[in-house]
Amino acid sequence: MPDFEPVLLKRINAKANPWLDAYRADGGYRGVTKALNEMTPAQVIDVVKNSGLRGRGGAGFPCGVKWTFLPKDHPGPIYLCVNADESEPCTFNNRILMEHDPHQVLEGILLASYATKASVAYVYLRYEYGVAYRNMQKAIDELYANNLLGKNILGKDFSLEVYLHRGAGAYICGEETGLIESLEGKRGWPRIKPPFPAVEGAFRKPTVVNNIETLACVTHVIDRGADWFKTIGIPPDPKNPRDAGSYGPKLYCISGHVNTPCCVELPLGITVRELVDRHGGGVWKGRKAKGCIPGGISMGMMTEAEFDTPLDFNGPGKVGCLGLGTAAVTVFDETTSIVDVLYNICRFFAHESCGQCTPCREGTGWMMKMLDRIRHGQGRKEDLEILDEVAKSIGIMPGTTICGLADGAGWPVKNAIAKFRPELEEYIRAGQKTTVALEMAH
Amino acid sequence: MAYLSEDLRQQILAYIPRYPSKQAVTLPALHIVHDAMRCVSHEAIREIAEMLDLSPAQVHDTMTFYQFFREENAPLGQTRLWVCRSLACGLRGGDALLETFCEKLHVEPGGTTKDGKITLEFAECLGACEGAPAVMVNDEHRHCVTAEKVDALIGELS
């Protein structure tokens with residue numbers, strides 16, 4: 001396969017000037033000019049729909065289709081909520097886009113707002129991204145000064161305000177209705193759906209929630225067209241009529257025990273092995289990989305033997321993972337104890353469960369406590385069955401919670417028990433640390 | 001006389017036109033007060049509530065959901081130093097790094113040094129995984145903070 005030429009990271013890899021004049025000199029805002037002069041909002045939606053672009057935030061819902069769920073001929077206001085909360089562990093691609101090429105993201109925000117007739121876009125940005133916050137604000141200021149935001153953009157009948165809204169360190173605010181509640185000034189407790197945000201979202205008005213990388217893709221879809229987008233990635237599986245395909249470029253994050261942790265842009269469908277060996281510089285210290293987290297910690301675990309799995313919207317599910325997620329691959333090497341990896345993951349979810357639904361609040365804490373006990377050599381033979389049962393009984397899928405946080409909390413536990421059972425059993429049986437502890441593995 | 005300065009009040013009021021509801025200004029207001037005063041006191045909560053036509057209980061409820069904000073019994077020091085303990089950093093020594101900072105600063109996570117210079121915190125994933133183990137100084141990341149860089153960073157912040 002010839003080397004893929006990056007689209008989203010093109011200017012970033014070239015260390016291009018991030019500000020408006022340079023962005024425009026590189027063809028920036030060409031898509032906005034085209035849309036505003038030559039296309040109706042419905043035509044913009046059609047192009048995005050035809051491109052097959054699916055949401056990059058984790059769920060993979062087709063972006064253009066999501067926009068069509070807004071009520072027709074609504075008197076407004078309609079809101080765009082931009083999900084820049086990026087709190088899934090091991091994921092940092094949105095940060096790189098906002099820090100180094102904010103206008104690429106903002107162009108997508110303008111296009112999405114034009115298409116959906118949104119009059120205000122709120123960018124819900126996690127507090128931890130201070131540089132991204134300041135760079136995005138500077139870029140927004142440039143747009144206001146150049147008639148690309150505010151009233152009658154480029155002299156057309158299209159007005160848009162964009163506001164940055166900083167979070168305060170809560171994972172749950174990346175869930176779209178948790179985000180909306182948080183934006184409204186309340187605790188970030190996810191809402192029961194329906195109503196879906198498209199019908200009743202922020203401030204009880206129709207709302208679209210889109211991820212940063214998705215919007216950056218929209219910029220290029222409008223500029224270059226749906227057909228171009230479909231030349232990248234994986235077409236739908238003809239044997240699966242429900243498959244919407246995995247088109248377009250994807251920003252893959254590689255971290256953990258690799259030689260060169262990085263964010264790299266590749267067509268959807270790259271395998272974990274190619275990511276690790278070619279782009280992550282291989283496993284560090286000349287060791288072998290034991291496994292990885294393929295798409296943020298909520299997507300579960302892969303063993304090294306599963307590294308030939310393609311990371312598209314279908315691949316991870318075929319080896320029992322929850323999905324593509326954020327396509328953030330975190331490798332752990334052969335010396336790493338699965339117990340330590342699991343404890344770290346369970347500690348995260350116990351800390352970040354919002355507390356609204358009892359099965360999640362109690363289940364995540366229970367799993368963490370059990371793992372802590374096991375890791376200290378006090379595991380019991382029956383612990384794995386209890387862990388498995390807890391993991392399987394919390395979440396949207398078993399129908400016990402409002403949002404998917406608990407599904408993501410349970411998945412790595414279920415996967416670990418299914419895929420690394422001998423190691424876990426041996427650890428419990430030996431009653432002591434059988435491998436190098438996580439804290440020591442540096 | 002108002003507890004919050006006129007400057008802080010104006011900063012908060014400037015956010016109101018951005019949103020169709022005043023309650024949406026809760027988080028911006030908490031950030032403004034917290035940044036300037038290193039905590040959000042009961043009196044500040046009362047005044048924020050008054051400006052936003054809310055009950056103080058509503059502001060307090062939102063504020064305490066986000067463990068980010070400090071109440072007046074535990075104000076922040078001059079610099080808030082966060083050490084990431086999530087998986088990508090954990091695999092490259094994040095937990096040990098946090099322990100090192102605790103030992104060198106003589107504080108537990110959440111605590112502030114005696115001279116009031118540094119508040120140490122653990123963080124869940126900062127989103128700086130390509131630079132693990134990562135820390136955050138206020139709201140800016142520092143990459144690849146290995147044990148030998150700890151003294152220099154503490155010196156810089158002290």
Side-chain angles (χ1 to χ4, degrees), chain A residues 77 86-92 94-95 120 122 126-131 133 161 163 165-171 182-189 203 205 253-257 260-263 293 297 328 330-333 336 340-341 344-345 347-348 351-352 354-355 438-442, chain B residues 15 17-31 34 52 54 58-59 61-69 82 84-99 121-134 136-141 144 146-147:
Chain A
E86 191 163 69
S87 38
E88 181 63 32
C90 309
T91 309
F92 50 95
N94 288 344
R95 189 199 89 228
V120 183
Y122 295 106
R126 68 183 305 210
Y127 181 84
E128 292 82 349
Y129 287 180
V131 174
Y133 170 73
E161 308 291 335
Y163 299 121
H165 189 96
R166 296 187 87 173
Y171 173 70
S182 177
L183 172 70
E184 292 183 357
K186 303 171 200 158
R187 23 172 99 198
W189 274 4
F203 311 107
K205 298 294 180 192
C253 300
I254 314 164
S255 63
H257 291 161
T260 52
C262 61
C263 173
I293 296 292
I297 63 176
T330 303
V331 176
F332 36 91
D333 72 25
T336 313
D340 286 334
V341 173
N344 186 290
I345 290 172
R347 181 177 68 182
F348 174 85
H351 189 256
E352 294 298 337
C354 79
L438 194 59
E439 288 89 336
M440 305 296 288
H442 60 93
Chain B
Y15 271 85
R18 293 183 172 203
Y19 307 94
S21 94
K22 284 188 181 175
Q23 186 170 13
V25 181
T26 303
L27 269 188
L30 289 169
H31 276 306
H34 195 247
L52 304 182
L54 298 169
Q58 286 172 291
V59 176
D61 179 76
T62 298
M63 170 174 143
T64 52
F65 175 79
Y66 307 91
Q67 293 174 11
F68 180 87
F69 299 106
W82 304 79
C84 183
R85 66 173 196 178
S86 291
L87 188 63
C89 284
L91 288 166
R92 295 175 86 100
D95 288 87
L97 183 66
L98 180 60
E99 272 177 41
E121 307 264 15
F122 70 79
E124 297 298 358
C125 190
L126 295 170
C129 320
E130 80 273 44
M136 185 166 76
V137 177
N138 295 324
D139 68 358
E140 294 204 4
H141 295 161
C144 304
T146 45

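Order of the sequence lines fixes the chain letters, A, B, ..., with proteins taken first and strands second; residue numbering starts at 1 for each chain. Computed over heavy atoms, backbone and side chain alike; hydrogens, waters and symmetry mates excluded.
Separating the OH atom in A:Tyr127 from the CG atom in B:Leu27 is a distance of 12.0 Å, to the nearest 0.5 Å. Between the CG atom of B:Leu91 and the SG atom of A:Cys90 there is a distance of 7.5 Å, given to the nearest 0.5 Å. Expressed to the nearest 0.5 Å, how far SG of B:Cys129 lies from CD1 of A:Ile254 amounts to 12.0 Å.
By the 4.5 Å heavy-atom criterion applied to side chains, A:Asn344 and B:Asp95 are counted as neighbours. When side chains are defined from C-beta on, B:Arg18 does not count as touching A:Glu161, because their heavy atoms never get closer than 4.5 Å. Between B:Arg85 and A:Phe348 the shortest side-chain heavy-atom distance does not fall below 4.5 Å. Between A:Pro89 and B:Leu87, every side-chain heavy-atom pair lies at or beyond the 4.5 Å cut-off. Here the side chains of A:Pro261 and B:Arg92 are in contact, with some heavy-atom distance below 4.5 Å. Looking only at side-chain heavy atoms (C-beta outward), A:Tyr129 and B:Glu140 stay at 4.5 Å or farther from each other. Between A:Glu352 and B:Glu124, the closest side-chain pair of non-hydrogen atoms falls below 4.5 Å. No side-chain heavy atom of A:Tyr171 sits less than 4.5 Å from a side-chain heavy atom of B:Cys125.
A search for side-chain hydrogen bond (donor to acceptor under 3.5 Å, both in side chains) contacts involving B:Tyr19 returns A:His165, not counting sequence neighbours.
No donor-acceptor pair under 3.5 Å is formed between the side chain of A:Arg166 and the backbone N or O of B:Pro28. With B:Thr62 contributing its side chain and A:Gly185 its backbone, the two residues share a donor-acceptor pair below 3.5 Å.
Salt bridge absent: B:Asp139 and A:Arg126 never bring a charged side-chain N and a carboxylate O closer than 4.0 Å. Salt bridge annotation for A:Lys186-B:Asp61: absent, with no cationic side-chain nitrogen under 4.0 angstrom from a carboxylate oxygen.
For A:Cys262, the part sitting under 4.5 Å from any heavy atom of chain B is the backbone (N, CA, C, O) and nothing else. In this structure, chain B has heavy atoms under 4.5 Å from both the backbone and the side chain of A:Ser182. Using a 4.5 Å cut-off between heavy atoms, B:Ala29 does not touch chain A at all. Interface remark: A:Glu86 contributes no atoms to any contact with chain B (heavy atom separation under 4.5 Å). For A:Cys263, no part sits under 4.5 Å from any heavy atom of chain B, backbone or side chain. Looking at B:His141, only its side chain comes within 4.5 Å of chain A, counting heavy atoms on both sides. Interface remark: A:Leu183 contributes backbone and side-chain atoms alike to the contact with chain B (heavy atom separation under 4.5 Å). Contacts of A:Thr91 with chain B are made by backbone atoms alone, with heavy-atom separations under 4.5 Å and no side-chain atom involved. When heavy atoms are compared at a cutoff of 4.5 Å, A:Arg187 approaches chain B by way of both its backbone and its side chain.
When all heavy atoms of A:Tyr163 and B:Pro17 are compared, the closest pair comes out as OH-O, 4.4 Å. Taking each heavy atom of B:Phe65 and A:Gly188 in turn, the nearest pair found is CE2-N, 3.1 Å. When all heavy atoms are compared, the tightest approach of A:Ala168 to B:Phe68 is O-CB, 3.2 Å.
Sorted by first and then second residue, the salt bridge (charged side-chain N to carboxylate O under 4.0 Å, His left out) pairs with a member in residues 21-31 of chain B read B:Lys22-B:Asp53; sequence neighbours excluded.
Contact tally against chain B (heavy-atom pairs below 4.5 Å) for A:Tyr133, A:Phe203, A:Phe332: the top residue is A:Phe203. The candidate with the highest count of non-hydrogen atom pairs below 4.5 Å against chain B, out of A:Gly256, A:Ala170, A:Pro77, is A:Gly256. Counting heavy-atom pairs closer than 4.5 Å to chain A, the top residue among B:Glu130, B:Met136, B:Gln23 is B:Glu130.
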Residue pair B:Trp82, A:Glu128: steps toward the side-chain contact (heavy atoms from CB on, under 4.5 Å) verdict: CA-CA 10 Å; B:Trp82 304 79; A:Glu128 292 82 349; over 6 Å; no
